[in-house]
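Take a look at the structure set out below.
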Number of protein chains: 2
Amino acid sequence: MTIRVIIVDDQAMVRAGFAALLAAQADIDVVGEAVNGVEGVEVGRRTHPDVVLMDVRMPEMDGLEAARQLLNPPPGVTHRPKVLMLTTFDVDDYVYEALRAGASGFLLKDAPPADLISAVRVVAAGDALLAPSVTRRLIADFATQQRKPRRGDPSLQLNGLTPRETEVLELIARGLSNGEIAEKLVLAEQTVKTHIGRVLHKLDLRDRAQAVVFAYESGLVTPGDG
Amino acid sequence: MTIRVIIVDDQAMVRAGFAALLAAQADIDVVGEAVNGVEGVEVGRRTHPDVVLMDVRMPEMDGLEAARQLLNPPPGVTHRPKVLMLTTFDVDDYVYEALRAGASGFLLKDAPPADLISAVRVVAAGDALLAPSVTRRLIADFATQQRKPRRGDPSLQLNGLTPRETEVLELIARGLSNGEIAEKLVLAEQTVKTHIGRVLHKLDLRDRAQAVVFAYESGLVTPGDG
DNA sequence: CAGTACATCACCCATGCGGGCCATCGTAGG
DNA sequence: CCTACGATGGCCCGCATGGGTGATGTACTG
């Protein structure tokens, strides 16, 4: 089963180079080419390729919009190719847009030919592949932004809390009053107050509002997990 | 300038194989080996390698904890190697922990030898590299997770607030007291109370703690934007 | 067995906070 | 011109909240 590929790029030389490179592979067929996004979408719909090599910067319609249209087809169109984005420049901001659109990869045009070929095979197989510099940024963003389970500052202090105190803190962070917490945990309200007092003291917080802030910032609770 | 590498894996054959493979490269030196996380951290601190090849599953201390310790060194230790995680099994849940810990890459042990070698060079250069299946998952998570900055329910109600009220709500969500808010906005504390009263009423909230919850849940404030 | 950590509850006290009610002032809109 | 609305501010009141202190029982650990 050969991999059907189309190449969408406004530069004739780039198209020719990639086409020659890929066509030389026994398992890859170049079944179409296009010079801009509009044409790329049209060719994609008509030739239903497995993989679309898509340049980011193009006249008429850029690669991002074209990728979006190919990856979110209108009702009636069932074919969804894999999209491998290409760019001449290093990591511009389009990367994230492309990934959100559903692109399977992002390569720089100066990558070794062998990388391009293997990238086509990888995305055709349903996996994904990014240029190393892109991967690095993605991981960095992921690590900083994904602050849910583990975080440096607050979660360390969280370890100073007893299980019961942590439990109470979580209920505070849900917006419950002392009475409601007492009811929920089957406790006297005074006991709840004692626990809260300890929590505030241990975490150096002034009031329950700050406790809520801390709970969110530390990842004890997360927006949406209500 | 050669790349200094240490290999941390509990299986002797794996260590031997990788060591032979890497040592054959002119630009790579294998300067140490370790059989578990504890030893890995120790060897890492002593030999200050550029790259640490770290197995995920190991006795004593697993690769994740070891990676965390190497990547978040205690005060006084300035050396921070790049960590390239290795696993035999396909994408387990440890991937995300490893990335959060700051790992520069994640490869499967059945990857082609050429990939391993190039991966070492990539991470040594400061870039990152993931196994295609890992990349795929990361992109998928990134795409789905990225589109929730603002959510339906709460943010709609937010429109009912006046600019001033919204401003006050945000300060509540930072943990400020009425007095502090008054000072920050150059207002009488009583005015702050009036604004807060309206906010609570409009949003059907009981107290400022619930207001903080609402601010986070609606996306008005976000964990980490301090 | 002694010591420690945790959970539980009580009493007292000061006050920050939220509710109710109302007044003034500016500006935008009919 | 006059109305509506937002922003600003004041007063009073009641209560939930937070601080301080102490006591009891249990469970684990040295």
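The sequence lines fix the lettering, A, B, ..., with proteins before strands; numbering per chain opens at 1.
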Open item on the list: Whole angstroms only, please: what is the CG-P distance between A:L187 and C:dA7?
Closed with: 10 Å
- [ ] Provide, to the nearest angstrom, the distance between the NE2 atom belonging to B:H201 and the C1' atom belonging to C:dC21.
- [x] 14 Å
Task: B:L205 CG - C:dC17 C1' separation (whole Å) - done: 15 Å
Task: Atom-to-atom span, CG of B:L169 to P of D:dA7 - whole angstrom - done: 13 Å
Task: Donor-acceptor pair under 3.5 Å, A:R198 side chain vs C:dT8 base - done: yes
Open item on the list: Output the rounded distance in Å from CD (A:Q190) to P (D:dT24).
Closed with: 17 Å
TODO: Check whether any side-chain nitrogen or oxygen of A:T162 sits under 4.0 Å from OP1 or OP2 of C:dA7, and answer yes or no.
DONE: yes
Open item on the list: What is the distance, to the nearest angstrom, from the CZ atom on A:R208 to the C1' atom on C:dG18?
Closed with: 14 Å
Open item on the list: Strictly below 4.0 Å: does A:R164 bring a side-chain N or O up to OP1 or OP2 of C:dT8?
Closed with: yes
TODO: Round to a whole Å and report the spacing from CG of A:D207 to C1' of D:dG18.
DONE: 9 Å
Task: Ionic contact status for A:R206 with B:E180, cut-off 4.0 Å - done: yes
Open item on the list: Whole angstroms only, please: what is the NZ-P distance between A:K193 and D:dC15?
Closed with: 14 Å
Task: Distance below 4.0 Å between A:N178 side-chain N/O and D:dT17 OP1 or OP2 - done: yes
Open item on the list: If you assign each of A:H195 and B:E189 to its closest nucleotide in DNA chain C, which residue comes earlier from the 5' end?
Closed with: A:H195
Task: Reference residue B:N178; test side chain to side chain donor-acceptor pair (under 3.5 Å); the match among B:K193, B:H195, B:R208 - done: B:R208
Task: Given D:dG20, C:dT8, C:dG18, the nucleotide with the shortest approach to the side chain of B:I196 - done: C:dG18
Task: Student check: side-chain heavy atoms of B:D55 and B:V14 closer than 4.5 Å - done: no
Task: Within-4.5 Å side-chain heavy-atom neighbours: A:F214 and A:L169 - done: yes
Open item on the list: Does A:T194 contact C:dC9 through a side-chain donor or acceptor facing the base, at a distance under 3.5 Å?
Closed with: yes
Task: First of A:L200 and B:T191 reached from the 5' end of DNA chain D, by closest nucleotide - done: B:T191
Open item on the list: Would you say that B:V31 contacts B:I6 through its side chain, given a criterion of any heavy-atom pair below 4.5 Å between the two side chains?
Closed with: yes
